[in-house]
Amino acid sequence: LETVPTIKKLRAYAEGIRTAELEKCLGKMGEDLTKKNRKLVEELSRGIVNKLLHGPMQHLRSDGTDARTVTETIENMHALERMFDLKA
Amino acid sequence: LETVPTIKKLRAYAEGIRTAELEKCLGKMGEDLTKKNRKLVEELSRGIVNKLLHGPMQHLRSDGTDARTVTETIENMHALERMFDLKA
Amino acid sequence: PVREELMSCLKAGKRWLREQKPVNAFREFEKALPLAKQLKDTVEEKKAARGLGASCQRQGKYKDAIKYHTMVLTISHMTRESSGNTEAYGAIADCYTELGDLETAGKFYDKYIDGLEQDD
Amino acid sequence: PVREELMSCLKAGKRWLREQKPVNAFREFEKALPLAKQLKDTVEEKKAARGLGASCQRQGKYKDAIKYHTMVLTISHMTRESSGNTEAYGAIADCYTELGDLETAGKFYDKYIDGLEQDD
């Protein structure tokens with residue numbers, strides 16, 4: 001359960017990168033982009049982020065019954081906090 | 001130094017997701033996409049992946065002088081291998 | 001012109017969110033919601049609901065935010081069209097985390113995580 | 001029509017790579033390289049070099065791959081235009097990893113990692 005706030009922080013971190021890159025891209029693409037393609041670009045950004053996050057997010061959840069899994073989950077949390085600077 | 005192969009595997013893992021999502025997106029966008037916009041979509045996919053990988057990649061490198069850092073780097077490696085299923 | 005008004009509200013709401021003015025954003029999405037209902041356009045209705053949820057969340061009104069994000073799930077359920085659900089699960093979980101209810105947050109994160117692999 | 005031929009070679013090369021036929025891909029990029037030089041188009045010249053590098057890599061010819069990926073860095077250096085460098089550093093490091101030279105691989109990964117934050 002103590003890994004739950006880390007999920008929130010990791011989500012926010014990735015979302016920050018996604019929206020920054022997306023806005024930069026859409027800004028450069030200008031007006032000659034159809035509405036359909038604009039939506040597809042947005043979906044692309046979400047698809048990449050979601051698929052990359054899937055593994056780490058899964059490994060931040062454990063049902064708490066298996067001691068080995070709990071220890072690993074906490075280790076994963078600490079590693080993610082270090083690697084994505086999520087402590088603050 | 002033992003984390004070097006993990007960098008390679010993590011790169012390959014992320015590149016697989018990036019190209020799969022990119023091709024899916026470009027396939028749906030069809031012919032009404034200018035060459036310039038196609039390049040921008042490609043850059044978007046690379047920008048998101050690179051920025052997300054930056055933290056973990058940095059934390060897979062340590063200069064080997066500081067014992068604390070070396071231990072943490074190895075822990076990061078094990079966590080990444082678990083989370084992205086990179087062992088194989 | 002109802003559709004045009006709807007679109008302009010949604011657009012303005014999004015812009016206010018980007019500019020960190022959630023109170024103004026809320027006002028626009030609040031106008032958009034009945035317009036989308038009037039047009040029976042459930043896709044845009046979900047966007048309005050999500051916008052209202054995000055606007056509340058940014059103001060620290062987590063319970064209201066949960067209410068609006070849940071509206072997205074309800075619409076999806078009724079229309080059997082799940083777009084936006086993964087994001088809604090994640091947002092609801094974020095709100096419960098803020099409220100200190102980590103148990104419920106965890107349950108919603110589990111649904112969020114299940115959705116990460118899918119395209120929607 | 002030199003430019004058209006160049007573009008069609010690059011396109012075919014990329015398609016062969018996607019279809020896991022690196023030998024065929026190599027042939028196309030090999031045709032593209034002198035065409036790009038002839039046009040003095042260094043951006044496309046880098047694409048041809050990268051394609052040759054990738055084609056060799058997929059065939060397990062890591063030393064040749066390093067040679068071609070290094071060509072990208074050389075062109076960047078001469079034109080003071082660094083696009084493609086981050087990817088080249090990463091690919092060279094991957095090759096050294098395959099060759100078992102983890103020390104050199106590490107050095108190239110460091111340059112790759114520095115590049116991840118930048119846009120190029």
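Labels below follow one simple rule: chain letters A, B, ... track the order of the sequence lines, proteins then strands, and each chain is numbered from 1.
Proximity to chain A at a heavy-atom threshold of 4.5 Å picks out C:Glu103, C:Ala105, C:Gly106, C:Lys107, C:Tyr109, C:Asp110 from residues 103-111 of chain C, in numerical order. Residues of residues 51-59 of chain A lying within less than 4.5 angstrom of chain C, judged on heavy atoms, are A:Lys51, A:Leu53, A:His54, A:Met57, A:Gln58 in numerical order.
Atom NZ of A:Lys24 is surrounded by more than 12 heavy atoms from other residues, nucleotides or ligands within 6.0 Å. No more than 12 heavy atoms of other residues, nucleotides or ligands shown are found within 6.0 angstrom of NZ on A:Lys39. More than 12 heavy atoms of other shown residues, nucleotides or ligands fall within 6.0 angstrom of atom CD in C:Glu19. Atom CZ of C:Arg15 has more than 12 neighbouring heavy atoms from other residues, nucleotides or ligands inside a 6.0 Å radius.
Every residue two or more places apart in sequence or in another chain was checked for a salt bridge (Lys or Arg N to Asp or Glu O under 4.0 Å) with C:Arg50, and none qualifies.
Only the side chain of A:Glu23 comes within contact range of chain C, with heavy atoms under 4.5 Å apart. Within the 4.5 angstrom heavy-atom criterion, only side-chain atoms of C:Tyr112, from C-beta onward, approach chain A.
A ring-ring contact (aromatic ring centres under 6.0 Å, His included) check over residues 12-46 of chain A, counting only residues at least two apart or in different chains, returns the pairs A:Tyr13-A:Phe84.
Interatomic distance, C:Thr97 OG1 to A:Ile7 CD1, rounded to the nearest 0.5 Å: 7.5 Å. Considering CG of C:Leu116 and CZ of A:Arg11, their distance stands at 8.5 Å, rounded to 0.5 Å.
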